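Let me begin by presenting the structure, written as structure tokens, before commenting on it.
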There are 2 protein chains.
Amino acid sequence: MYLSRPAEYALRVMTYMALLDPAKRVRARDLSKAVGVPEHFLSKIMRRLTEYGILDAKKGHNGGFVIAKPLSEVRFLDILRAVDFEPSADHCLFGLGNCDAQHPCPLHQEWSILKNQIEQWARSHTLGEADHAAVG
Amino acid sequence: MYLSRPAEYALRVMTYMALLDPAKRVRARDLSKAVGVPEHFLSKIMRRLTEYGILDAKKGHNGGFVIAKPLSEVRFLDILRAVDFEPSADHCLFGLGNCDAQHPCPLHQEWSILKNQIEQWARSHTLGEADHAAVG
DNA sequence: ATCTCAATGGACTGTCAATTCCATTGAGAT
DNA sequence: ATCTCAATGGAATTGACAGTCCATTGAGAT
């Protein structure tokens, strides 16, 4: 609802993967089942995460994905950006093309506050916080 | 991007209307031009706002819409809810149906923080804050 | 009474993001 | 070398939501 589907799914798989044994590769197919995201769509998302350097992919036998960095170094913001979701992208709520601090629209101030909060949220949380205890 | 189109448009017209003479009714057609939202689509949105009691509508000659309450009593939250956008709607990011405080998913904590911030934002801002000086 | 204007409501259409499909590539295993 | 497995990449399809259309209702004005 605040996030695009790919953004939501990316956050979801990454969090799920964060709970797994980092030494073992996981296939997209298995992740798809575990996490409830259509297989091929998920593959496409994992590709973006791989290009972006967040995942490491390997083809063929015993292939699959692993997270490419220490969990505490993977910010939500990085995950979102990998799938082209930029939390602070400045799209003027008022529909104005030239809305900025110099030429603010009547909603500029309020909207900026929210955008900043969301960006700050994405910037300050990492996969290191994924709750191992939580089952759902 | 965080908001649905109807939610964004609703916030936009309402903010625009907040700057107008509250004694004069405005036609949807005129608002549509002023605010850059397709006329019939906007009408549909205004209808929701009217049902919800935020706007007052009048048909026929000299008809149109006016805001039905003092600006400081119209919270962004009310506007969003009128168009069925509930900022704190609990849709588990992890895709789990039964995710709550008792059965948290691994993203529960982080996601709750963001949802609460957004809801708090919508709850604490009103049309009274619309910036009359801002032109865009 | 009748005419015009503007909102109302619901059915219809278009568009783009979400999802699926398929052919290709590269890595291991035998 | 060859076979199988899994990722890759792009083309094709689907579906949800954005946007359009039209017939109806109710309020003034003449």
Side-chain angles (χ1 to χ4, degrees), chain A residues 1-13 17 20 24-68 80 82-86 89 91 93 95, chain B residues 1-14 17 24-68 80 82-86 89 91 93 95:
Chain A
M1 73 163 155
Y2 315 119
L3 271 35
S4 68
R5 270 311 213 311
E8 174 174 338
Y9 292 165
L11 235 32
R12 201 192 291 182
V13 232
M17 289 184 74
L20 304 176
K24 289 189 185 134
R25 291 192 175 269
V26 206
R27 291 176 297 169
R29 166 195 288 275
D30 293 331
L31 287 169
S32 155
K33 276 173 193 154
V35 111
V37 173
E39 181 178 346
H40 294 92
F41 192 45
L42 182 59
S43 288
K44 190 174 287 190
I45 293 167
M46 317 266 313
R47 236 179 279 156
R48 311 295 304 272
L49 293 163
T50 302
E51 285 170 27
Y52 207 84
I54 294 176
L55 290 177
D56 178 78
K58 202 172 136 194
K59 293 180 176 178
H61 278 289
N62 297 111
F65 299 88
V66 284
I67 299 178
L80 296 178
V83 294
D84 282 332
F85 190 91
E86 177 58 58
H91 149 67
L93 239 211
Chain B
M1 78 153 153
Y2 314 120
L3 271 36
S4 68
R5 268 316 211 307
E8 174 174 337
Y9 292 165
L11 235 32
R12 200 191 292 183
V13 231
M14 291 306 301
M17 288 184 74
K24 290 188 185 134
R25 291 192 176 269
V26 206
R27 290 176 298 169
R29 165 195 289 279
D30 294 331
L31 287 169
S32 155
K33 276 173 193 153
V35 110
V37 173
E39 181 177 346
H40 293 94
F41 193 45
L42 182 59
S43 289
K44 191 176 287 192
I45 292 168
M46 317 268 311
R47 236 179 278 159
R48 311 296 303 273
L49 293 163
T50 303
E51 285 170 28
Y52 207 83
I54 294 176
L55 290 177
D56 179 77
K58 201 172 138 195
K59 293 179 177 179
H61 279 288
N62 296 111
F65 298 88
V66 284
I67 299 178
L80 296 178
V83 294
D84 283 333
F85 189 92
E86 177 58 58
H91 148 68
L93 239 211

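The structure displayed is predicted, hence computed values, not measured ones.
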Which one, D/dA18, D/dG9, D/dG19, comes nearest to the side chain of A/Arg47?
D/dG9
What integer distance in Å separates A/Arg29:CZ from C/dT20:P?
13 Å
What is the distance from CD of A/Glu39 to C1' of D/dA6, rounded to the nearest Å?
10 Å
Going by modelled atom types, is there a donor-acceptor pair between the base of C/dG28 and the side chain of A/Lys59 at under 3.5 Å?
no
Test item: B/Leu93 and A/Glu8 side chains (from C-beta on) under 4.5 Å apart, heavy atoms
yes
Distance in angstrom units between B/Arg48 CZ and D/dA18 C1', rounded
14 Å
Looking only at heavy atoms, which two atoms of A/Ala28 and A/Leu42 are closest? And how far apart?
O-CD2, 3.9 Å
Nearest-nucleotide pick for B/His61, side chain only, options being D/dG28, C/dG28, D/dA7
D/dG28
Give the rounded distance in Å between these two atoms: CZ of A/Phe65 and P of C/dA27.
14 Å
Is it the case that the side chain of B/Arg27 and the backbone of B/Gly63 share a donor-acceptor pair, with hydrogens and angles ignored and the cut-off at 3.5 Å?
no
Under 4.0 Å between any heavy atoms, over every strand shown, what does B/Arg27 touch: base, sugar-phosphate, or nothing? Just pick one.
sugar-phosphate
Of A/Gly60 and A/His40, whose closest DNA chain D nucleotide lies nearer the 5' terminus?
A/Gly60
Within less than 4.0 Å of OP1 or OP2 of C/dA29, is there a side-chain N or O belonging to A/Asn62?
yes
Checking N1-N3 plus N6-O4 or O6-N4 for Watson-Crick, or N1-O2 and O6-N3 for wobble, each under 3.5 Å, the partner of D/dA16 is C/dT15
Any non-hydrogen side-chain atom of A/Arg48 less than 4.5 Å from a side-chain atom of A/Ile54?
no
Under a 3.5 Å limit on both distances, the Watson-Crick or wobble mate of C/dG26 is D/dC5
Could you give the OH-to-C1' distance, from B/Tyr9 to D/dC17, as a whole number of Å?
12 Å
For the pair made of NZ in A/Lys44 and C1' in C/dT19, what is the distance, rounded to whole Å?
8 Å
Starting from C1' on D/dA16, measure out to CZ on A/Phe41 and report it in whole angstrom.
13 Å
Between A/Ser32 and A/Phe41, is there a side-chain heavy-atom distance shorter than 4.5 Å?
no
Return the 5'-most residue of the pair B/Lys58, A/Arg5 with respect to DNA chain C, ranking by each residue's nearest nucleotide.
B/Lys58
Expressed in angstrom and rounded to an integer, what is the separation of A/Asp56 atom CG from C/dG26 atom P?
16 Å
